[in-house]
Amino acid sequence: GYGKIRAAWTQVGNEAFAYGTATPYFLSAPFTTAAGSILNRATLGDRLGNANLVNELTTELEFGADLRFFRNRVGVDFTYFYRKSTDQITAAQVPSSSGFTEAVVNAGEIDNKGIEVSLNLVPVKTASGLEWNTTVNFTRIRSLIVDAGEGGDIFIGGLTGGGGGTIHRTGYPYGQIFGDKNARTPEGDILIDKTLGTTIILPDLQIIGDPNPDFLFSFINNFSFKGFNLNALIDWRQGGDMYLTTAGS
């Protein structure tokens, strides 16, 4: 038998993306007047920089164990981790009346925690050289937006061809999908416009899906015999919503 336990604590900083602290002007081709005068042109960017940015900070705590039995024919590897990221650097949407469409900010705190379990078995190992090695992996991760900054939302990206997109919202898991949603009665029945015969859409965009899976599972097999190898892999992703633009258009 063999056993090993491990523990680790790490803290890593991450700097801002290029030019995130500045609001640059973009140079255009010079304009020549009818009199021959040359005028240089520049356009102010639509993203407001932030000279007071601080670095992102990610702190992680991890515990694990590696156990082997029966001359390494049975192995178990278990890991638990907790990760906290603060002062996330992102480009948040701002009212266009400000002269910009987005502003670079330090906003938010994200927590991630999860477990990873790996079981390795050698069910068959013969003197003739035939060996079957199989590994089963299970991963379960949970994320939480503890703080999405002022307003409680950070807009990450839009859906093609319409409103909505991906959003970080305080109190919800990472990367929620939001968009148009049907109005319903307290009992859950969809409301219909009697005049048009169509569903009634709520006036504000709502969370319509969670892309985060319940768990990930993989089943890996390797068969070897006298220099020949055969590999087979099965991947299973349980849960998690996705937005299909083809079906949504």
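What you see below is based on every heavy atom in this structure, not just the backbone, and it leaves out hydrogens, waters and symmetry mates. It should be emphasised that the depicted structure is a prediction, and the values quoted were computed from it without experimental measurement.
Side-chain contact between Arg169 and Ile207 is present, with heavy atoms from C-beta onward closer than 4.5 Å. Contact annotation: the side chain of Thr23 approaches that of Phe100 to within less than 4.5 Å [non-hydrogen atoms, C-beta and beyond]. Between Thr43 and Ser28, the closest side-chain pair of non-hydrogen atoms falls below 4.5 Å. Counting only heavy atoms from C-beta outward, the side chains of Phe31 and Ser37 never approach each other to under 4.5 Å. Using a 4.5 Å heavy-atom cutoff, the side chains of Pro213 and Arg237 are in contact. Counting heavy atoms from C-beta on, the side chains of Thr139 and Ile115 never come closer than 4.5 Å. Residues Leu230 and Phe228 form no side-chain contact, since every pair of their non-hydrogen atoms from C-beta on lies 4.5 Å or further apart. Side-chain contact check for Asn112 versus Tyr82: every heavy-atom pair is 4.5 Å or farther apart.
Taking each heavy atom of Gly209 and Pro211 in turn, the nearest pair found is O-CD, 3.9 Å. Residue Glu56 comes nearest to Asp87 through the heavy atom pair CG-O, 3.2 Å, listed as atom of the first residue, atom of the second, then distance. Residues Asp214 and Gly239 approach most closely at OD2-CA, 3.8 Å, considering heavy atoms. Contact record, Thr185 with Leu191: CG2-CD2, 3.3 Å, taken as the closest heavy-atom pair. Residues Asp235 and Ser218 share a closest heavy-atom pair of OD1-CB, 3.2 Å. The two residues Ala183 and Leu202 come nearest to each other via the heavy atoms CB-CD2, 3.7 Å.
Linking Ile, Leu, Val, Met, Phe, Trp and Tyr whenever their side-chain heavy atoms come within less than 4.5 Å leaves Val12 and Leu57 in two separate clusters. Under a hydrophobic-cluster definition in which Ile, Leu, Val, Met, Phe, Trp and Tyr are linked whenever side-chain heavy atoms come within less than 4.5 Å, directly or via other members, Phe78 and Phe138 are assigned to the same cluster. Taking hydrophobic clusters as Ile, Leu, Val, Met, Phe, Trp and Tyr residues chained together by side-chain heavy-atom distances below 4.5 Å, Ile192 does not share a cluster with Ile200. The cluster map of Ile, Leu, Val, Met, Phe, Trp and Tyr, joined by side-chain heavy atoms under 4.5 Å apart, puts Phe215 and Ile141 in different clusters. Leu233 and Val136 fall into different hydrophobic clusters, where Ile, Leu, Val, Met, Phe, Trp and Tyr side chains are chained together by heavy-atom contacts under 4.5 Å.
In this structure, CD in Glu131 is found 15.0 Å from NZ in Lys226, a value given to the nearest 0.5 Å. Atoms CD and CD1, on Glu15 and Ile89 in that order, are 8.5 Å from each other to the nearest 0.5 Å. Note: Asn55 CG to Asn14 CG = 8.0 Å, rounded to the nearest 0.5 Å. One finds the CZ atom of Phe178 at 10.5 Å from the CD atom of Gln206 (value rounded to the nearest 0.5 Å). Taken to the nearest 0.5 Å, the NZ atom of Lys113 stands 8.5 Å off from the CZ atom of Arg140. Once rounded to the nearest 0.5 Å, the distance linking CG of Asn50 with CG of Asn106 reads 6.5 Å.
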side-chain contact (heavy atoms from CB on, under 4.5 Å) between Ile145 and Tyr172, worked out: CA-CA 6 Å; Ile145 306 299; Tyr172 287 83; 5.5 Å; no

Run the side-chain contact (heavy atoms from CB on, under 4.5 Å) check on Asn137 and Ile220 step by step: do they pass? CA-CA 8 Å; Asn137 295 315; Ile220 307 168; 3.8 Å; yes

Let me see the working for Asp111 and Val146 under side-chain contact (heavy atoms from CB on, under 4.5 Å), right down to the final yes or no. CA-CA 7 Å; Asp111 285 1; Val146 179; 3.6 Å; yes

Candidate pair Leu119 and Val117, rule side-chain contact (heavy atoms from CB on, under 4.5 Å), full reasoning: CA-CA 7 Å; Leu119 174 63; Val117 182; 5.7 Å; no

Let me see the working for Gln11 and Thr59 under side-chain hydrogen bond (donor to acceptor under 3.5 Å, both in side chains), right down to the final yes or no. CA-CA 4 Å; Gln11 193 170 70; Thr59 303; 2.9 Å; yes

Trp236 and Phe219: CA distance, side-chain angles, deciding distance, ring pair (Phe, Tyr, Trp, His ring centres under 6.0 Å) verdict: CA-CA 8 Å; Trp236 177 8; Phe219 183 37; over 10 Å; no

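At least one donor-acceptor pair closer than 3.5 Å links the side chain of Arg73 to the backbone N or O of Val122. Put simply, the side chain of Ser118 never gets that close to the backbone of Asp77: no donor and acceptor are under 3.5 Å apart. His168 places no side-chain N or O within 3.5 Å of a backbone atom of Tyr174 that could act as its donor or acceptor partner. Thr126 places a side-chain N or O within donor-acceptor distance of the main-chain N or O of Leu130, the cut-off being under 3.5 Å.
Asn231 and Asn222 share a side-chain donor-acceptor pair at under 3.5 Å. Side chain to side chain, Asp210 and Gln176 meet the donor-acceptor criterion of an N or O pair below 3.5 Å. Counted by atom type alone, Asn221 and Trp132 present one or more donor-acceptor pairs between their side chains at under 3.5 Å. Side-chain contact annotation: Glu60 with Thr10, donor-acceptor N/O pair under 3.5 Å absent. Side-chain polar atoms of Thr135 and Asn120 form a donor-acceptor pair below 3.5 angstrom.
Arg68 has a carboxylate O that lies under 4.0 Å from a charged side-chain N of Asp66, or vice versa, which qualifies the two as a salt bridge.
Among the candidates Thr198, Asp189, Thr199, the single residue satisfying the side chain to side chain donor-acceptor pair (under 3.5 Å) test with Asn182 is Thr199.
Counting non-hydrogen atoms of neighbouring residues, nucleotides and ligands closer than 6.0 angstrom, the CD1 atom of Ile5 reaches no more than 12 such neighbours. For CG of Leu196, the number of neighbouring non-hydrogen atoms (other residues, nucleotides, ligands) closer than 6.0 Å is greater than 12. Applying the 6.0 Å contact sphere to CZ of Arg6 captures more than 12 heavy atoms from other residues, nucleotides or ligands. Residue-environment remark: OH (Tyr80) exceeds the threshold of 12 foreign heavy atoms within 6.0 Å.
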